[in-house]
Structure formats: C-alpha cells, structure tokens
Amino acid sequence: NFIFLILGQISSLVGNYTLKFALSMYVLEQTGSASIFAGLLAVSMLPTILLSPLGGILADRKNRRNIMVTLDVLSGVSVLIASLILPFGHDIVVIGILLVVLSVLGAFESPTVQACIPQMLEGDNIVKGNAVVNQVAAIASLITPFLGSVFYTMFGIQTVLHTTVICFLVTAFF
C-alpha cells in the first residue's frame, strides 16, 4: 500500500533526521569542538556512499517489505541500545557508532523504498510516486533541524533517543 509506504517514510525520516540533528547538538555541547562534530558527520556519511549500490542489489533480489521492516526494527534496536549505553560514558564513541550503524542501515533503506514504487504503482503514477517520496524526504530534511533542536533543548538527548525508537517501530508496523 503506497499510503503506508509514505506514512512509514514520514515516521522513519523525521525520527532519523531529528535524531541526527539532536546528536550533533549533543556532540557540540559535550565537546565544544566543531572538528569532532565534522569528523563524526563525515565518517557517518561514508557507509551510505559506499553501500547504497549494495542496497539496490538487495532490493532487487529480496522481498522489499521484509527488508524495510527488518531495517526499521534494527534501527530502532540500535537506537535503544545506544540510549541504554550512553549514560555509562564514552558518549562520543557511542554516538559515532550509532551514526555509522544508522548510515549503514540507511544505505539499504533508501534504494529499497525507491524500488518499491514501480511495484506498487503503474504508468504515470510511478513518476508521481517518486515525486511524493522525494518530497517527503525534502520536507523531512527541512523541518527536522528545528524539531531536533527543540526536542533536544526541551527534553534532552535520552527523550530524543526514545522517541526515535518509537518512530522506527511505528515505521516497521506500517
């Protein structure tokens, strides 16, 4: 169902992007170093760049719905584990690992979502479906820095982490 795909994308992208922005703010607050922040950001982008082609291959060969559910459950579990480990110290290492794990999972998620569209829609609706998926991603990337900063400032990093777990699990449900 295309509607469920879009609702899942909204939940997943808003949760993921909001978390990444809040984690960035947390890293800057804890270290006061733009270099560490930039280094983590760069390292966390590498898996997406390197693994996205493999994500496309996987999406072409396996059940796409199962891939998306598995990836969202793994994302939720990863964030939950990070939220449980974070209070024990080594914050920056935990956050760095979490960002890399989410990037790896995202490298498989995006191609899978794109591959679902022709399977769900026909004719001119494929182009419209691609446009909707891209628009959701663009809107999510626009609003999430605001959401991330508000949620982090008001509630702290633990609440942002727990809310993101819920977002990923809701996405897996869709």
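What's counted below: heavy atoms across the whole structure, side chains too, no hydrogens, waters or symmetry copies.
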Between [X] and [Y], is there a donor-acceptor pair closer than 3.5 Å when you use the side chain of the first and the backbone of the second?
X: Thr153; Y: Val150; value: no
X: Thr48; Y: Ser103; value: yes
X: Ser149; Y: Phe146; value: yes
X: Asn63; Y: Asn66; value: yes
X: Ser12; Y: Gln9; value: no

*Crowding at CD, Glu29 (>12 non-hydrogen neighbours, <6.0 Å)*: yes
Is [X] linked to [Y] within one hydrophobic cluster, defined over Ile, Leu, Val, Met, Phe, Trp and Tyr using a side-chain heavy-atom separation of less than 4.5 Å?
X: Ile36; Y: Ile97; value: no
X: Val113; Y: Val132; value: yes
X: Leu19; Y: Leu105; value: no
X: Leu86; Y: Leu84; value: yes
X: Val100; Y: Leu80; value: no

Starting at [atom1] of [X], measure out to [atom2] of [Y] and round the result to the nearest 0.5 Å.
X: Asn16; Y: Ser141; atom1: CG; atom2: OG; answer: 12.0 Å
X: Phe151; Y: Ile157; atom1: CZ; atom2: CD1; answer: 12.5 Å
X: Leu51; Y: Leu46; atom1: CG; atom2: CG; answer: 9.5 Å
X: Leu23; Y: Leu161; atom1: CG; atom2: CG; answer: 6.0 Å
X: Leu40; Y: Lys20; atom1: CG; atom2: NZ; answer: 12.5 Å
X: Tyr152; Y: Gln158; atom1: OH; atom2: CD; answer: 11.0 Å

For the residue pair [X] and [Y], what are the closest heavy atoms and their distance?
X: Gly76; Y: Val165; value: O-CG2, 3.5 Å
X: His162; Y: Ser83; value: NE2-OG, 3.4 Å
X: Phe155; Y: Thr159; value: O-OG1, 3.2 Å
X: Ser78; Y: Val101; value: OG-CG1, 3.4 Å
X: Thr112; Y: Arg64; value: CG2-O, 3.6 Å
X: Leu13; Y: Ala137; value: CD1-CA, 3.7 Å

Side chain to side chain, [X] and [Y], heavy atoms closer than 4.5 Å:
X: Met68; Y: Leu5; result: yes
X: Ile143; Y: Tyr17; result: no
X: Val43; Y: Leu99; result: no
X: Leu102; Y: Ser75; result: yes
X: Phe168; Y: Val73; result: no
X: Asn134; Y: Gln114; result: yes

*Would you check if there is a donor-acceptor pair between the side chains of Thr171 and Ser11 at a distance under 3.5 Å?*
yes
*How about Thr144 and Thr18: does a side-chain donor come under 3.5 Å of a side-chain acceptor?*
no
_With side-chain contact (heavy atoms from CB on, under 4.5 Å) as the test, pick out the partner of Ile166 among Val170, Leu169, Thr164._
Val170
*Just jot down the side-chain contact (heavy atoms from CB on, under 4.5 Å) partners of Thr70, sequence neighbours excluded, or say none.*
Leu74
*Could you please spell out the steps behind the side-chain contact (heavy atoms from CB on, under 4.5 Å) verdict for Phe37 and Thr31?*
CA-CA 8 Å; Phe37 164 74; Thr31 65; 5.9 Å; no
